[in-house]
Amino acid sequence: MSDKLQKFVGKFTGGKLTRRSVLGRASAIAILAAVAGFALPDAGIAAEPKKGGDFVMGLKGGESTNSLDPALSTSHVTAKALRTYGETLTEVTPEGEVIARLAESFAPREGGKTWDFTIRKGVKFHNGQEMTAEDVLKTMQRHSDEDTKSGALGIMRGIESMEVDGDTFTVHLTTPNADLPFLLSDYHLVIQPNGGLDAPGAGIGTGPYKVTADEPGIRYKFEKFADYWDATRGHYDSVEIIVINDDTARANALQSGIVHAINLVSPKTAKLLGRSPEIDIETTSGKGHYIFVMHVDTPPFDNKDLRLALKHAVNREELVDKVLAGYGKVGNDSPINEAYPLFDSTIAQRTFDLEKAKELYEKSGHDGSPIVLHVSDAAFAGALDAAQLFQQSANAAGIPLQLKPEPADGYWSEVWNKKPFAASYWGGRPVQDQMWSVGYLSTADWNDTRFKNAEFDAMLLEARGELDPEKRQEIYGKMARLVHEEGGLINPMFNQFIDGMATNVDGWETNPEGDLMNGFIAVKTWFD
Amino acid sequence: MPTHLILLVIQRFALGVLLLLASSVLIFAGTQILPGDVAQAVLGQAATPEAIANLREEMGLNEPAVSRYLSWLLGALQGDFGTALTNGADIGSAIAKRLSNTLFLAFWAALVSVPLAILLGLIAVRFRNRWPDRLISAVSLATISVPEFVIGYLFMFFVAVKLRWVPSVSMLNDSMSLGQKLQSIALPVIVLTFVVLAHMMRMTRATILNVMEAPYIETAELKGLSRFAVISRHALPNAVAPIVNVVMLNLAYLVVGVVVVEVIFVYPGMGQYLVDHVAKRDIPVVQAAGLIFASVYILLNMTADIIGIVANPRLRHPK
């Protein structure tokens with residue numbers, strides 16, 4: 001019992017518990033503390049990591065079509081596998097700062113147009129080879145080659161040329177970019193021997209665990225790599241990932257003790273699961289958002305008043321409560337929230353206001369013909385429910401919103417980014433620049449609201465090259481306001497990641513970049 | 001007349017091969033007329049006209065359909081299904097592993113369910129319209145009526161989560177002993193048994209009852225044959241064919257239709273493999289899996305026919 005108490009106190013003083021869970025357990029802790037005669041220490045207990053054990057994860061989001069090739073990774077499971085066996089040049093800490101990882105240090109030149117990365121020495125690949133700057137160069141070239149199918153191609157587009165000089169890897173950009181170190185922390189950009197050109201899917205990296213079994217859609221097995229360079233990571237003897245796509249089966253596997261951690265716990269059952277004394281539910285407020293997107297260049301959505309009417313007609317609190325079961329936060333019609341660095345928190349929250357919605361709708365002069373929202377649960381879990389709630393409140397404001405359910409199969413290729421009004425989902429990006437660039441720049445492929453604004457584009461480029469954080473924050477604030485007011489994005493909610501963990505797993509750090517500590521769970525945790 | 005019998009079996013076999021060829025044409029044609037270009041589907045949003053042209057060339061899509069079909073069939077006959085478009089893995093070896101898992105599960109499920117179903121059917125006949133018959137019918141009909149995932153979740157919750165007798169996920173790997181593997185698949189075997197039991201049990205019961213009431217059984221009894229001789233010489237040959245037929249249909253189901261059970265027990269079989277690749281439009285894999293499923297169906301039905309022909313003299317003389 002005192003172990004449990006100690007762990008809880010450690011989490012509490014480490015600031016890792018949410019307010020909700022503290023309230024929930026506060027009385028129990030008070031009693032326990034009184035009974036045990038336990039005095040709260042004034043600082044967090046720096047728990048010493050213990051070595052050993054076989055850590056097993058049960059993860060959703062893996063298919064038998066997967067490959068360990070970092071360039072081709074698009075699913076949850078391969079992303080976690082990449083974090084387990086590979087490492088990137090830089091990393092984003094749970095606090096949102098970028099640090100050097102396989103680079104020892106990095107620095108900009110020419111106002112952020114050129115970046116030098118000094119490559120760490122004494123790092124070995126799992127095949128015994130020493131990692132060199134040449135491997136880094138080849139890796140980056142493979143992901144930025146025009147023919148590549150790499151999921152990281154989008155973030156590599158701004159690179160003009162790259163070169164190696166001794167231990168230094170240098171990147172020349174077409175325009176200055178203060179965020180380049182953030183971009184290179186992308187999980188696709190795992191450094192591989194010779195850039196992975198010889199055997200892209202071999203699963204050879206520099207991480208603390210080496211791949212010993214690769215069965216796509218079934219399981220991955222990893223063993224501790226004896227020559228790993230960093231003693232503060234990789235505490236387990238072995239790590240295993242079992243692909244469990246079914247929500248109930250995943251929860252059962254955690255309850256029956258077969259796995260120690262699961263991802264994507266269903267919001268509807270998370271509270272029930274958390275009642276088990278052997279399970280902790282960890283929630284992470286991230287950057288992902290569940291949204292409805294309107295094409296601002298297509299009637300009737302080319303009318304700003306109509307767009308604002310719809311934005312005011314969505315009951316955000318209700319959606320968070322009912323669709324996310326409270327595991328989320330309301331959105332403010334901008335893709336950016338406080339999880340991003342340089343977030344402008346002064347933008348007023350848009351309210352649910354049927355009177356105003358009605359007024360704006362009448363002002364728009366819309367002819368009263370049905371406004372059709374295309375929706376499928378493929379967009380996000382609960383999209384149909386969310387759309388129905390939206391429809392009811394919109395109809396109450398006199399807006400003739402209608403739903404058109406679409407098949408889940410092919411939703412992303414046939415409906416999203418094609419139909420003028422549809423449900424959608426965006427995961428986050430490490431920095432604002434990237435989020436705005438992939439989804440809101442006039443020329444972006446995935447500009448799913450058809451938002452084309454010259455002023456916005458100019459501000460984005462200006463912010464990218466601005467090395468002064470205060471000035472950048474100001475520009476980003478202006479851009480968010482523009483999208484909030486003019487854009488076609490209805491963003492009612494940011495979802496949270498909900499992970500389930502066995503209580504004997506210690507070392508958890510909430511990382512807003514992604515679920516399961518942004519994939520670092522196997523690398524950074526240990527058995528208590 | 002053994003030569004006549006052999007000829008009939010050969011004829012039936014040839015028919016099976018012909019049927020398989022026909023289904024291979026259907027599978028190939030079906031995947032060709034799917035909407036959209038295959039190269040486009042593979043490349044998705046990242047497709048540039050140049051990349052599509054390159055990929056079409058690489059996949060041989062510019063050749064006429066007939067020659068593509070023939071080269072595909074020739075490869076498939078030699079076990080060469082090509083490589084998956086999505087992850088470049090060799091389809092033959094990937095399928096071999098998945099198929100052996102599926103057959104492993106189907107084998108043990110069949111080993112439990114087929115004798116059990118026939119035994120229960122015989123008990124039901126023996127105690128016809130009395131409480132054992134009613135109980136067997138009620139329970140087996142109830143289990144077939146409840147969706148398999150509900151039974152699966154119930155078993156998972158009580159046996160795996162609460163009692164912890166067996167694991168809730170049925171993982172298999174090469175380092176496991178046979179005992180460990182059997183423990184691992186215990187739950188899916190039980191669930192599949194429940195799903196297929198009723199069908200076979202009812203068929204056994206109905207067929208034997210039907211035969212036992214036929215006039216020639218009465219004749220046989222009247223002419224003084226022993227009870228054993230009546231059943232083995234007269235009743236059984238007439239009952240075997242329908243029973244074998246329904247058994248084979250259920251075996252085919254155990255091989256090709258268990259994707260739901262595979263998903264909830266995380267069993268690495270063929271069903272999940274096929275579904276994953278269909279979702280990604282991985283045509284070569286879909287074709288290969290389709291061909292294998294068709295073969296299994298045709299093979300099992302052919303076996304049922306041949307057993308029926310051998311067992312029942314009347315079928316040897318078509319009118």
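To find a chain, count down the sequence lines: A is the first, B the second, and so on, and within it residues start at 1.
- Residue A/Pro200 does not touch chain B at all, counting heavy-atom pairs closer than 4.5 Å.
- For A/Ile258 against B/Ser168, the heavy-atom pair with the smallest separation is CD1-N, 3.0 Å.
- Other residues, nucleotides and ligands place no more than 12 heavy atoms under 6.0 Å from the NZ atom of A/Lys419.
- The most heavy-atom pairs under 4.5 Å with chain A, out of B/Val263, B/Asp282, B/Asp276, come from B/Asp276.
- Surrounding NZ of A/Lys224 are more than 12 heavy atoms belonging to other residues, nucleotides or ligands, all under 6.0 Å away.
- Looking at B/Lys97, the atoms closer than 4.5 Å to chain A (heavy atoms on both sides) all sit in the side chain, from C-beta outward.
- Contacts of A/Leu72 with chain B are made by side-chain atoms alone, with heavy-atom separations under 4.5 Å and no backbone atom involved.
- Only the backbone of A/Val243 comes within less than 4.5 Å of a heavy atom in chain B; its side chain stays farther off.
- For the pair A/Ala249 and B/Val266, the tightest heavy-atom approach, listed with the atom from each and the gap, is CB-CG2, 4.5 Å.
- Between B/His277 and A/Ser64, the shortest heavy-atom contact is CE1-OG, 3.6 Å.
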If you apply the rule side-chain contact (heavy atoms from CB on, under 4.5 Å), what do you find for A/Ile218 with B/Arg98, and how did you get there?
CA-CA 10 Å; A/Ile218 306 173; B/Arg98 294 289 191 130; 3.4 Å; yes
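- Ranked by non-hydrogen atom pairs under 4.5 Å with chain B, the options A/Ile242, A/Asp246, A/Thr65 are led by A/Thr65.
- Atom OG1 of A/Thr248 is separated from atom CZ of B/Phe157 by 11.5 Å, given to the nearest 0.5 angstrom.
- The two atoms that bring A/Gln255 and B/Arg164 nearest to each other are O-NH2, 2.5 Å, heavy atoms only.
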